[in-house]
Peer 1: 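Below is one structure. I have some questions about it.
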There are 2 protein chains.
Amino acid sequence: MNKAVSAALAALAIAIPGAPLLAETASQEPRQVILIIGDGMDEQQVTIARNYLKGAQGELLLDSMPVRGASQILTIEDRVNGKPIYVADSANTATSLATGVVTSRGRLATTAGGDEDIPTIIEIAEAAGYRTGIVSTASVTDATPASFAAHVSQRFCENPDQIERVEFSGIHIGGCPQDMQKNGGPGAISQQLAESDVDVILGGGSKHFTPKAEGSQLSVADLARSNGFNVVETADALSKAPTGERLLGLFSESTMPVRMQGEDGRASEQPAPSLLNHVHQYLGDVTLPESMECQPNPEFASVPTLKQMTDAALTHLAADNNKGFFLTIESASIDKQSHERKPCGSIGEVEQLDEALASALAFAEQHPNTLVLVTADHSQAAQLIPHPSLFAAYPIPTYSPGYVSLIETPEGGVMMVNYATTNFMMEEHTGAAVPLYANAEGQGLVPPYLRQPEIFDIMKNYLGL
Amino acid sequence: MNKAVSAALAALAIAIPGAPLLAETASQEPRQVILIIGDGMDEQQVTIARNYLKGAQGELLLDSMPVRGASQILTIEDRVNGKPIYVADSANTATSLATGVVTSRGRLATTAGGDEDIPTIIEIAEAAGYRTGIVSTASVTDATPASFAAHVSQRFCENPDQIERVEFSGIHIGGCPQDMQKNGGPGAISQQLAESDVDVILGGGSKHFTPKAEGSQLSVADLARSNGFNVVETADALSKAPTGERLLGLFSESTMPVRMQGEDGRASEQPAPSLLNHVHQYLGDVTLPESMECQPNPEFASVPTLKQMTDAALTHLAADNNKGFFLTIESASIDKQSHERKPCGSIGEVEQLDEALASALAFAEQHPNTLVLVTADHSQAAQLIPHPSLFAAYPIPTYSPGYVSLIETPEGGVMMVNYATTNFMMEEHTGAAVPLYANAEGQGLVPPYLRQPEIFDIMKNYLGL
């Protein structure tokens with residue numbers, strides 16, 4: 001843990017005289033919080049996935065959760081008392097969840113403008129004797145998982161080679177020199193994770209653990225080993241990892257492969273109006289992309305599923321533990337596939353989340369005092385649009401100005417999914433409030449409407465922190 | 001009431017032997033259901049309105065509702081056992097709410113393919129002795145309000161002049177010859193309302209009451225008068241209308257004017273890329289529409305507000321009534337303004353809904369046994385997208401391929417709202433599940449997730465029907 005956070009934690013303990021003493025809860029029954037995050041899993045994504053996976057009249061496991069609310073997403077300009085920005089990214093939203101503090105886009109557990117490190121729920125829980133875990137289908141250094149245990153001013157500073165200057169396609173897009181250890185900072189994200197006290201970290205991103213650690217001859221992975229992590233790289237090794245050791249699982253170089261894809265890997269495509277339609281929009285016709293089914297992604301077989309990682313994390317965190325734990329689980333590529341305009345990819349990752357939820361709920365059935373929360377960090381671009389059009393009675397061609405997919409559902413319908421927030425190679429996020437679900441433990445704790453940072457308070461209070 | 005519906009109601013009474021006898025509840029305390037529909041009021045619309053009206057950290061009255069769920073929208077092809085269509089219109093969705101039956105797009109309280117009339121909650125409640133009311137900011141003949149008390153195969157058959165053949169801009173877009181009275185049907189929508197037993201009908205659409213009624217020398221408005229309606233046309237006349245008379249208020253020719261508009265009535269506009277950007281998307285720059293505030297729409301002063309209509313309806317329905325009532329209230333132009341790409345218009349109509357809700361909740365405070373439900377009928381096109389872009393670090397112009405508005409919020413931020421479902425003059429609906437809210441009476445009745453037609457069952461059961 002870095003010094004700034006240690007100091008902040010100490011201050012926190014003093015600042016809350018009315019809070020239960022940590023020692024008071026230590027001897028009680030173990031308590032757990034499992035926070036499941038569907039990255040970009042807004043109401044459009046949930047509906048698209050439900051229609052495909054269960055049919056329009058069907059139900060996801062998500063839908064059976066007894067408590068439901070909406071979470072308003074907040075972010076601000078990157079300065080002290082910055083004005084609101086109405087659409088967030090995964091860095092600031094994970095910071096809201098992990099710390100209860102609204103920050104600016106791109107930041108991980110640091111304050112907007114002030115750049116101060118903010119203690120996370122994982123650091124606070126650890127200090128109180130809880131075990132902690134992070135599971136994600138992204139790189140574990142990606143914004144959502146990393147915000148729970150790392151502090152940087154810029155999300156792209158994922159490893160020691162990237163901390164000083166980050167480039168993308170030759171374009172300089174940022175850097176975190178002030179976060180380097182030589183400058184008194186906590187270092188790059190992967191190095192912070194390797195030096196952290198987190199008990200279980202599972203996901204992708206091995207490439208961020210191969211560079212040399214800052215100020216060391218060791219790779220970041222070796223630094224993690226020297227810090228007590230058992231580092232595993234396959235589903236088989238994961239299943240055999242002994243409990244009682246801290247566990248770092250890195251199952252792919254970067255983001256883990258997704259479960260589903262369009263036929264032959266197809267993404268959404270632009271409707272193609274005929275020549276005559278370019279003359280006048282009431283003339284000619286338009287060719288839509290051919291409809292397709294979703295298919296298994298062959299690469300997916302090489303990695304553990306989100307459910308397998310969840311099961312492993314639960315086993316390791318619960319073994320011989322009379323205090324309890326905090327675990328966050330992210331299905332990351334609902335968002336990433338939506339950025340790439342790949343609806344089948346997103347659908348498969350909602351399915352992965354629903355399966356991980358089944359594990360969490362089964363655990364909660366066996367272990368009282370387990371609060372299971374499911375939410376999204378922000379809304380995304382995909383929209384389910386009409387096919388045929390609402391205006392099909394008009395004898396003119398109508399079509400989306402963006403990218404669309406026509407997906408054949410198993411029940412025999414055809415869904416049209418639209419991506420049209422930007423002309424850029426990646427879709428933008430959107431700003432709608434997102435769903436928040438809880439198991440019965442959340443009754444009376446999770447209100448029908450809240451602001452995203454309040455989820456941090458609910459979790460912290462539940463653990464008596 | 002038409003013969004088909006009378007027969008269906010009779011059948012219904014026989015078909016449910018376990019249901020409480022209507023007479024049993026008549027002597028109890030009055031019971032009320034108030035169903036408030038925000039047309040197209042999905043999570044994006046609610047968030048956009050909240051950010052503008054209350055600030056990103058603020059709360060609408062809606063947000064304070066103690067019960068919250070999500071409602072999955074359903075529609076099917078226009079044939080018996082038709083396959084699912086994944087995006088609905090306001091006719092089939094209002095039919096789901098009013099009758100509990102999933103039908104095809106364009107239909108009002110008639111079955112897909114079979115074209116049979118389906119009894120509505122208003123007809124069933126009337127038959128049981130309840131008073132009934134319909135309030136809308138649309139024409140009262142528009143799909144959402146009309147589905148509660150009229151039965152046609154095609155939503156555009158709003159008046160006797162339109163029932164045989166409907167044209168729009170010279171294009172034949174439908175007709176309901178089989179619904180004409182001369183063919184054994186119940187007639188055009190306005191004529192059905194004029195001949196209905198509904199106690200209070202308030203909204204726009206006077207132009208649909210000026211044609212001659214089918215088979216009569218009377219205008220539809222005069223037919224309504226002869227059927228016992230007090231017909232009023234101004235807010236003043238509305239406020240003075242004596243209770244004890246049935247009331248038909250028609251306050252504008254068609255849709256009622258909305259409360260707010262963009263500066264100088266501006267709608268969203270297309271971003272204008274520079275010439276160089278047409279050469280390559282990484283070159284040149286883009287001009288976005290100028291940002292603007294929302295302004296009062298001067299025409300709005302000429303009509304009663306949704307709250308005034310709601311207050312009047314509640315007064316008339318509750319006066320000397322020991323049985324209770326069913327009232328549906330629609331804020332229609334959240335949807336209509338979104339079709340026209342006018343975010344300020346939609347924001348003002350969410351505000352109107354929130355004010356009408358205040359009246360409904362105040363009534364419920366004074367009158368126990370009042371279930372207040374708020375929901376949307378379907379999702380809409382508008383998306384809150386990032387400004388600045390998430391990709392602002394890249395030195396290339398990025399912009400929506402659709403239409404956007406930049407709205408200056410009172411708290412000093414700027415929201416970018418995107419409309420990009422279609423190149424057509426009107427945006428499409430979208431398919432996401434929509435919010436469902438209830439007052440405390442809904443606890444235990446309104447689950448966290450349901451299919452839209454189940455809302456009909458909740459209302460029917462609450463009234464003991």
Side-chain angles (χ1 to χ4, degrees), chain A residues 42-44 46-47 50-51 55-57 59 63-70 72 74 83-87 89 105 171 173-174 281 379 383-386 389-391 393-395 398-402 411-413 415 418 420-424 426 428-433 435 437 448-449 451, chain B residues 42-44 46-47 50-51 55-57 59 63-70 72 74 83-87 89 105 171 173-174 281 379 383-387 389-391 393-395 398-402 411-413 415 418 420-424 426 428-433 435 448-449 451:
Chain A
D42 61 19
E43 207 63 66
Q44 296 276 354
V46 173
T47 305
R50 180 189 299 116
N51 289 341
Q57 301 254 8
E59 281 192 26
D63 298 321
S64 72
M65 296 285 276
V67 180
R68 191 183 160 110
Q72 164 86 342
L74 297 171
K83 286 188 177 159
I85 299 281
Y86 297 105
V87 184
D89 86 328
R105 300 189 310 200
I171 299 166
I173 57 169
Q281 65 165 359
S379 294
Q383 291 178 305
L384 181 52
I385 63 169
S389 162
L390 291 176
F391 311 111
Y394 296 82
T398 64
Y399 50 90
S400 161
E411 64 184 333
M415 281 197 293
N418 182 45
T421 61
T422 180
N423 66 328
F424 191 56
M426 286 173 71
E428 302 271 11
H429 298 166
T430 62
Y437 311 82
Y449 174 76
R451 297 150 203 86
Chain B
D42 61 20
E43 208 62 67
Q44 296 276 353
V46 173
T47 305
R50 180 189 300 116
N51 288 341
Q57 300 254 9
E59 281 191 26
D63 297 321
S64 71
M65 297 285 275
V67 180
R68 188 180 163 112
Q72 166 85 341
L74 297 171
K83 286 188 177 157
I85 299 280
Y86 298 105
V87 184
D89 86 328
R105 300 190 309 200
I171 299 167
I173 56 168
Q281 65 166 356
S379 294
Q383 290 178 307
L384 181 50
I385 63 170
H387 181 75
S389 162
L390 292 177
F391 310 111
Y394 296 82
T398 64
Y399 50 89
S400 161
E411 64 183 335
M415 281 196 292
N418 182 45
T421 60
T422 179
N423 66 328
F424 191 57
M426 285 173 71
E428 302 272 10
H429 297 165
T430 62
Y449 174 76
R451 296 149 203 87

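None of the values given here were measured: they were computed from a predicted structure.
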Peer 1: So which of A:Ser400, A:Pro395, A:Gly69 has the biggest tally of heavy-atom pairs under 4.5 Å with chain B?
Peer 2: A:Ser400

Peer 1: When only pairs under 4.5 Å are counted, which of B:Gly402, B:Gly174, B:Ser64, B:Ala70 shares the most heavy-atom pairs with chain A?
Peer 2: B:Ala70

Peer 1: Chain A heavy atoms under 4.5 Å from B:Met426: which part of the residue, side chain, backbone, both or neither?
Peer 2: both

Peer 1: With a 4.5 angstrom heavy-atom cut-off, could you sort out which part of B:Ile385 is near chain A: side chain, backbone, both or neither?
Peer 2: both

Peer 1: For each of A:Asn418, A:Thr422, A:Ile173, tally heavy-atom pairs with chain B at distances under 4.5 Å, and name the one with the top tally.
Peer 2: A:Thr422

Peer 1: With sequence neighbours excluded, tell me which residues meet side-chain contact (heavy atoms from CB on, under 4.5 Å) with A:Asn423.
Peer 2: B:Gln281, B:Thr398, B:Tyr399

Peer 1: Which atoms of A:Leu390 are under 4.5 Å from chain B, going by heavy atoms: the side chain, the backbone, both sets, or neither?
Peer 2: both

Peer 1: Run the side-chain contact (heavy atoms from CB on, under 4.5 Å) test against B:Pro435 and tell me which residues pass, sequence neighbours left out.
Peer 2: B:Glu43, B:Arg68, B:Tyr437

Peer 1: Please report the C-alpha distance between A:Tyr449 and B:Met65 in whole Å, then the side-chain angles of each, then the deciding distance to 0.1 Å, and finally whether the side-chain contact (heavy atoms from CB on, under 4.5 Å) criterion is met.
Peer 2: CA-CA 8 Å; A:Tyr449 174 76; B:Met65 297 285 275; over 6 Å; no

Peer 1: Short question: side chain of B:Gln72, backbone of A:Gln57 - any donor-acceptor pair under 3.5 Å?
Peer 2: no

Peer 1: Looking only at heavy atoms and a cut-off of under 4.5 Å, which of A:Ser379, A:Gly55, A:Gly413, A:Pro448 has the most pairs with chain B?
Peer 2: A:Pro448

Peer 1: Quick one: of A:Pro386, A:Pro84, A:Ala56, who has the most non-hydrogen atom pairs under 4.5 Å with chain B?
Peer 2: A:Pro386

Peer 1: Heavy atoms only, distances under 4.5 angstrom: which of A:Asp42, A:Asp89, A:Leu74 has the most pairs with chain B? Name it, please.
Peer 2: A:Leu74

Peer 1: Using a cut-off of under 4.5 Å for heavy-atom pairs, which of B:Ile85, B:Val67, B:Thr421 has the most such pairs with chain A?
Peer 2: B:Thr421

Peer 1: For the candidates A:Gln383, A:Glu59, A:Lys83, which exhibits the highest count of non-hydrogen atom pairs separated by less than 4.5 Å from chain B?
Peer 2: A:Gln383

Peer 1: From B:Asn51 CG over to A:Tyr86 OH, what is the distance, rounded to the nearest 0.5 angstrom?
Peer 2: 5.5 Å

Peer 1: What part of B:Gln44 is in contact with chain A, defined as an atom under 4.5 angstrom from a non-hydrogen atom: side chain, backbone, both or neither?
Peer 2: both

